[in-house]
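Numbered from 1 within each chain, the chains take letters A, B, ... in sequence-line order.
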2 protein chains.
Amino acid sequence: MDRDDVCEIEHVNEKAVQEVKSNMFDDQTILKIANISKILGDATRVKILFALSQKELCVCDLASLLGMSQSAISHQLRLLRNTNLVKFRREGKVVYYSLSDEHVIKLIEIGAAHAQE
Amino acid sequence: MDRDDVCEIEHVNEKAVQEVKSNMFDDQTILKIANISKILGDATRVKILFALSQKELCVCDLASLLGMSQSAISHQLRLLRNTNLVKFRREGKVVYYSLSDEHVIKLIEIGAAHAQE
DNA sequence: TGAATATTTGATTAATTGTTCATATGGACA
DNA sequence: TGTCCATATGAACAATTAATCAAATATTCA
């Protein structure tokens, strides 16, 4: 699309637009904000992260806790691993997961505060 | 699926699971957390919300600022309206949008802090 | 009223996503 | 080695989603 034609130029508040633009986060930061939000945009993942914020748990614990298949949990954990939100350690056959990012809990808390309204 | 069969019962740390479960947010709260996160899970919407946190802007301003079609912006604004994250006022032909939820900015700020790593 | 302009809306389409099922991997232990 | 069990992974499928295009509203102004 042609961004000069979004509307008649006289109607754009050019000064305000430029001012906001100069304060805007760079695209990479915006993308990272969107990406971590995307992670929290699924109830299963929110539950997993909240659970792990309280206790280190194995895949099996999480599956039991959430009443979901071990495969579904494992898929979600992979996502959380790939985005460095959780870490894990192996103990025999069992793999224990725990949080590796403190921001996530703040985000969940603010989301919860937002929910109470 | 059968949640009793996710794994051998003896291997679930039942006590830990129960403890976490008792502290877990209720499903409705979890859903609201996920839903507001979903909103922030898109770069266009993050930009819109961040822009509106600084200045009241019209649809046309936002389209110009983001270099996107006015229709695309309008669709996103509808979403933000429906979730009560923005409010608007009409002035003649022009509709001005502004933020109506303070939590959103905190979420974006924490997301940005997370991005700086 | 009719023309012009800002915005909204509905339908469509391509892309993304979360779960399921089946199968693979990896460690423990006989 | 072979079996068991916890976990991981790949393919497939349904559902959701964001942009585009075309068309509808709403407001101003001549």
Do we count His75(A) as stacking onto dT19(C) if the rule is ring centres under 5.5 Å and planes under 30°? no
Consider the side chain of Cys60(A), meaning its heavy atoms from C-beta on, and name the nucleotide among dT7(D), dT7(C), dT27(D) that approaches it most closely. dT7(D)
Send over the distance from Lys93(A) NZ to dA6(D) C1', rounded to a whole Å. 7 Å
Who are the salt bridge (charged side-chain N to carboxylate O under 4.0 Å, His left out) partners of Glu102(B), not counting sequence neighbours? none
Contact list please: residues 76-92 of chain A against DNA chain D, heavy atoms, distance less than 4.0 Å, in numerical order. Arg78(A), Arg81(A)
Given dA8(D), is OP1 or OP2 found less than 4.0 Å from the side-chain N or O atoms of Tyr97(A)? yes
Regarding Tyr97(B) and Arg81(B), is there a side-chain donor-to-acceptor distance under 3.5 Å anywhere? yes
Nearest whole Å is fine: how far is dT19(C) P from Ile73(A) CD1? 8 Å
side-chain hydrogen bond (donor to acceptor under 3.5 Å, both in side chains) pairs, two or more places apart, involving residues 28-42 of chain B: Asp26(B)-Thr29(B)
Which atom names give the shortest non-hydrogen contact between Leu57(B) and Ala51(B), and what distance separates them? CD1-CB, 4.0 Å
Met68(A), nearest nucleotide to its side chain (from dA19(D), dT19(C), dA8(D)): dT19(C)
Mind checking whether Phe25(B) and Phe50(A) have parallel, tilted or perpendicular rings, split at 30° and 60°? tilted
Whole-Å distance, Gln70(A) CD to dA22(C) P, equals 14 Å
For residues Ser98(B) and Leu52(B), determine if any side-chain heavy atom of one lies less than 4.5 Å from a side-chain heavy atom of the other. no
For Lys87(B) and Leu99(B), the nearest pair of non-hydrogen atoms, with its separation, is NZ-O, 2.9 Å
Could you pull out the closest heavy-atom pair between Ile39(A) and Arg45(A), with the gap in Å? O-NE, 2.7 Å
Is the phosphate of dT7(C) approached by Ser74(B) (side-chain N or O, under 4.0 Å from OP1 or OP2)? no
Please report how far the helix from dT1(C)-dA30(D) to dA30(C)-dT1(D) bends, comparing the axis fitted to its first five pairs with the axis fitted to its last five, to the nearest 10 degrees. 10°
Any side-chain hydrogen bond (donor to acceptor under 3.5 Å, both in side chains) pairs touching residues 48-59 of chain A, not counting sequence neighbours? Gln54(A)-Asn23(B), Lys55(A)-Glu19(B), Glu56(A)-Arg89(A)
Please give me every residue in residues 26-46 of chain B whose heavy atoms get under 4.0 Å of an atom in DNA chain D, ordered by residue number. Lys38(B), Asp42(B), Thr44(B), Arg45(B)
Is the base of dC21(D) touched by the side chain of Ser71(B) through a donor-acceptor pair closer than 3.5 angstrom? yes
Return the value, rounded to whole Å, for the distance between atom CG of Leu66(A) and atom P of dT20(C). 12 Å
Do Asp61(B) and Lys21(A) pass the salt bridge (charged side-chain N to carboxylate O under 4.0 Å, His left out) test, and can you show the C-alpha distance, the side-chain angles, and the key distance before you say yes or no? CA-CA 11 Å; Asp61(B) 290 335; Lys21(A) 191 178 271 180; over 6 Å; no
Roughly how far, to the nearest 0.5 Å, is the CG atom of Leu85(A) from the CG atom of Leu107(A)? 9.5 Å
Nearest whole angstrom, please: distance from the C1' of dG26(C) to the OH of Tyr96(A). 16 Å
